[in-house]
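Note that this is a predicted model, so its numbers are computed, not measured. In what follows, every chain begins at residue 1, and chains take the letters A, B, ... in the order their sequences are listed.
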Number of protein chains: 2
Amino acid sequence: MIQEKIDQAIAILREKDIDLWLTFVRETSSNPDPVLDLILGTHCTWVSAIILTATGKKIALVGSLDVQNILDHASYDVIGYRDSIRDELLKILEQEDPQTIAINYSTNDVMADGLSHGLYVMLMEYLDETPFANRLQSSEAIVAALRGRKSHAEVQLIQAAIKETLEIFDRVTETVSVGLSERQVAEIILTAMRERGLEPAWDPDHCPAIFTGPDTAGAHAGPTERTIQAGHIMNIDFGVRKDDYVSDLQRTWYFLRPDETVAPPEVQRGFEVIRDAIRHAADALKPGVEGWMIDAVARDYIVGQGYDEYPHALGHQVGRSAHDGSALLCPRWDRYKNLPYLPVEVGQVYTLEPRLTVKGYGIATIEEIVRVTESGCEFLSKPQQELILIKSA
Amino acid sequence: MIQEKIDQAIAILREKDIDLWLTFVRETSSNPDPVLDLILGTHCTWVSAIILTATGKKIALVGSLDVQNILDHASYDVIGYRDSIRDELLKILEQEDPQTIAINYSTNDVMADGLSHGLYVMLMEYLDETPFANRLQSSEAIVAALRGRKSHAEVQLIQAAIKETLEIFDRVTETVSVGLSERQVAEIILTAMRERGLEPAWDPDHCPAIFTGPDTAGAHAGPTERTIQAGHIMNIDFGVRKDDYVSDLQRTWYFLRPDETVAPPEVQRGFEVIRDAIRHAADALKPGVEGWMIDAVARDYIVGQGYDEYPHALGHQVGRSAHDGSALLCPRWDRYKNLPYLPVEVGQVYTLEPRLTVKGYGIATIEEIVRVTESGCEFLSKPQQELILIKSA
């Protein structure tokens, strides 16, 4: 998989007309650069330079004691140094004489922003009085393409993680009941996850995130001692990591009151608005549109139905990470920088996850995962079409 | 523990005469800042500002959906924003009017270098045309003190991790034999680790690192299929994470040939030189000396005995991380920047880990952990005094 992504990166350098991509890192177990998962697959101890060029060179300049470990993980020409990386780094740059050098900083995209400011300062000291200092640019276009365009093998891994997650949701449906606390529901999920040898897709503090009833906490909080009651909407946000790729999905349940056989009309309607917002967004999603346009389809639909707009993006990419970076299906808010304006590309994998509040009942939300095709998109998750109803005991 | 470190941080701000410490982060599950483990204990999703002041203010300015999660983890005044962090951040700075603002960038210390260059650029845009842009400085003095000065509770947690590790080494001694591969020895260790519910202290690819015999790989490589033979020196570098604190220890074994009852003189001598180098270094370690002086004690002793010098530092700090940052017992090589010159302080916890090669046999190395006291240092690990001899079957 690493080799596939390295080859892809070199092709992207040619496409984007960038001569050399320099990933400059140090003690990555304490301060990782997100691109290393894609192009190296292991950690570096001392200041290290991972270099790919449009001419196909693959050079890892690392501390001498890291040489063997790098050789074990990826097919680079590995050069070890003891005292300082400076001289070898300048030698490589002089030999290659790149006219454009991409480095990993970005105000827009965290996934292309792995270069620490201290290392940037160090690099500029090294490049002082060389022509290279003026040839630097952000690697964000490289990272967006490399991370976004999933290979067939990558999509299969994401699908495997989705399958596990949906099966775990089925387990919830079979075992959940009024009276359980959010924490107890979380334990059902985590037990199933561990039985399957899987890990949570994001921070275990709120993976799963579980919200039952009205007055629920913010969307990034973990499960609480709040207990499920009849008349509650419950929604769960959960994903697993399997073979280094993740899922990120949400489903909505309703707990019938003793005298109910269907959900109250306002609950049913809230659920259907979310379900249909996802369908409308998926219908519009295709290569070339900008992310904000897709967000607007779902957002405008929900607001048009009389609900408040959701306070977050419609969807993000999924891959090695639950928030896989770059192009985002989000509104044009300042905090998203240029991400809403990046065009959708074939091979990207997105979540679609609008939400709305049904007053007095809870939060209706569904999160699906879709893959962008040549002409539109396909669902990688089997979409939730019906509100899951749980009878009172 | 987080509250204890926040209070300690505020006291350090006063000591170092810094008015405000700004930790500026984004999507920390993808791009963490190492200080968050100390002062927050959870992740932030959007661009966030964690602010501590010498006057005792504790403010977390975070995306609206993160508010509840932050409140669940640490006692900050939490402010949520939706569109942009800019206005609230400037308002806080104007209210506090700090004359000195520390931010997390450092050419010297990875642990104080969590600010990405992209976020630095964003911050400078926000501070443009304010007086604050010229009041920024590196937080490295704060981070070095905060991370280095372990509380009694922290030392106890490190000791607990050490105890587990030494017991696992005893298991190795009881079960290892000629004919096992490095990978098989690793499996003995990992099985014991898992039985105890522990995690590896660093990258599982080379935790444990196991080297048997001559012609071993570099020190950061993982265990191989190489098998132990009589006449091999084997050394293991291993540590565990227990309750968020880690150990990092090394021990050396020798596999007797059928006709041997003691190790060959050159093996025994190599071991003793390492053991005594540690003793000499520990005798010299005390508050106020600079790290390079302690490294030089061990390095010069080993070279004086006719061996090559080790190609790394004598020791690093240990705590929440196996390489706990800042002051280092290392030579004055360029790659270590200013770290060799930082003075040793009371409460710091260091490894001592020299090595040497015994030609034809393997690598002799011991790693102990010591805590700096008012007048010297104390061993937190029971030092290896004797080469561990394993008889042929």
Side-chain angles (χ1 to χ4, degrees), chain A residues 26-27 29-34 42-43 45-47 63-69 72-73 80-86 103-122 125 138 202-203 205-206 217-222 311-312 321-323 325 333-335, chain B residues 26-27 29-34 42-43 45-47 63-69 72-73 80-86 103-122 125 138 202-203 205-206 217-222 311-312 321-323 325 333-335:
Chain A
R26 163 177 61 179
E27 291 245 15
S29 56
S30 293
N31 205 355
D33 182 323
T42 188
H43 283 298
T45 307
W46 295 290
V47 177
S64 53
L65 290 185
D66 276 348
V67 169
Q68 187 60 49
N69 185 47
D72 290 347
H73 279 85
Y81 72 88
R82 195 194 75 160
D83 280 15
S84 167
I85 196 173
R86 183 180 176 281
I103 57 175
N104 299 334
Y105 83 97
S106 170
T107 55
N108 298 299
D109 182 5
V110 64
M111 290 304 189
D113 195 29
L115 177 65
S116 69
H117 183 57
L119 285 182
Y120 174 81
V121 170
M122 189 190 297
E125 286 170 9
S138 167
W202 57 88
D203 188 345
D205 278 350
H206 43 93
H220 285 275
H312 52 68
S321 168
H323 283 195
W333 295 342
D334 179 66
R335 76 168 189 232
Chain B
R26 164 177 61 179
E27 290 245 13
S29 57
S30 292
N31 206 355
D33 181 323
T42 188
H43 283 299
T45 307
W46 295 290
V47 176
S64 53
L65 291 184
D66 275 347
V67 169
Q68 188 59 50
N69 186 47
D72 290 348
H73 280 86
Y81 73 88
R82 195 195 76 161
D83 279 16
S84 166
I85 195 172
R86 183 179 177 280
I103 57 175
N104 299 334
Y105 83 97
S106 170
T107 55
N108 298 300
D109 181 7
V110 66
M111 290 304 188
D113 195 28
L115 177 66
S116 69
H117 183 57
L119 285 183
Y120 173 82
V121 170
M122 188 190 299
E125 285 169 11
S138 166
W202 58 89
D203 187 345
D205 278 352
H206 42 93
H220 287 274
H312 53 68
S321 167
H323 283 194
W333 294 343
D334 178 67
R335 77 169 190 231

How long is the straight-line distance from NE2 of His323(A) back to OG1 of Thr45(B), given to the nearest 0.5 Å? 6.5 Å
Checking Asp109(B) against chain A: side chain, backbone, both or neither under 4.5 Å from a heavy atom? backbone
Which atoms of Thr107(B) are under 4.5 Å from chain A, going by heavy atoms: the side chain, the backbone, both sets, or neither? both
What part of Val110(A) lies closer than 4.5 angstrom to a heavy atom of chain B: side chain, backbone, both or neither? both
Hey, what do you get for CG (Leu119(B)) to OG (Ser106(A)), rounding to the nearest 0.5 Å? 9.5 Å
Heavy-atom pairs under 4.5 Å with chain B, option from Pro311(A), Ser84(A), Ser29(A) with the top count: Ser84(A)
When the 4.5 angstrom heavy-atom criterion is applied to Asn108(B) and chain A, the contacting part is backbone
Scanning both residues in full, the closest heavy-atom pair of Ser30(A) with Ser321(B) reads OG-OG, 3.7 Å
Would you give the length of the straight line joining atom CG of Asn69(A) to atom NE2 of His206(B), rounded to the nearest 0.5 angstrom? 4.5 Å
Engaged part of Val67(B) at the chain A interface, taking heavy atoms whose separation is under 4.5 Å: neither
Side chain, backbone, both or neither of Asp83(B) within contact of chain A (heavy atoms, under 4.5 Å): both
If you look at every heavy atom in Gly114(A) and Asn31(B), which pair is closest and at what distance? CA-ND2, 3.9 Å
So OH of Tyr120(A) and NE2 of His117(B): to nearest 0.5 Å the spacing works out to 4.0 Å
Side chains of Asp113(B) and Arg26(A): closer than 4.5 Å at any heavy-atom pair? yes
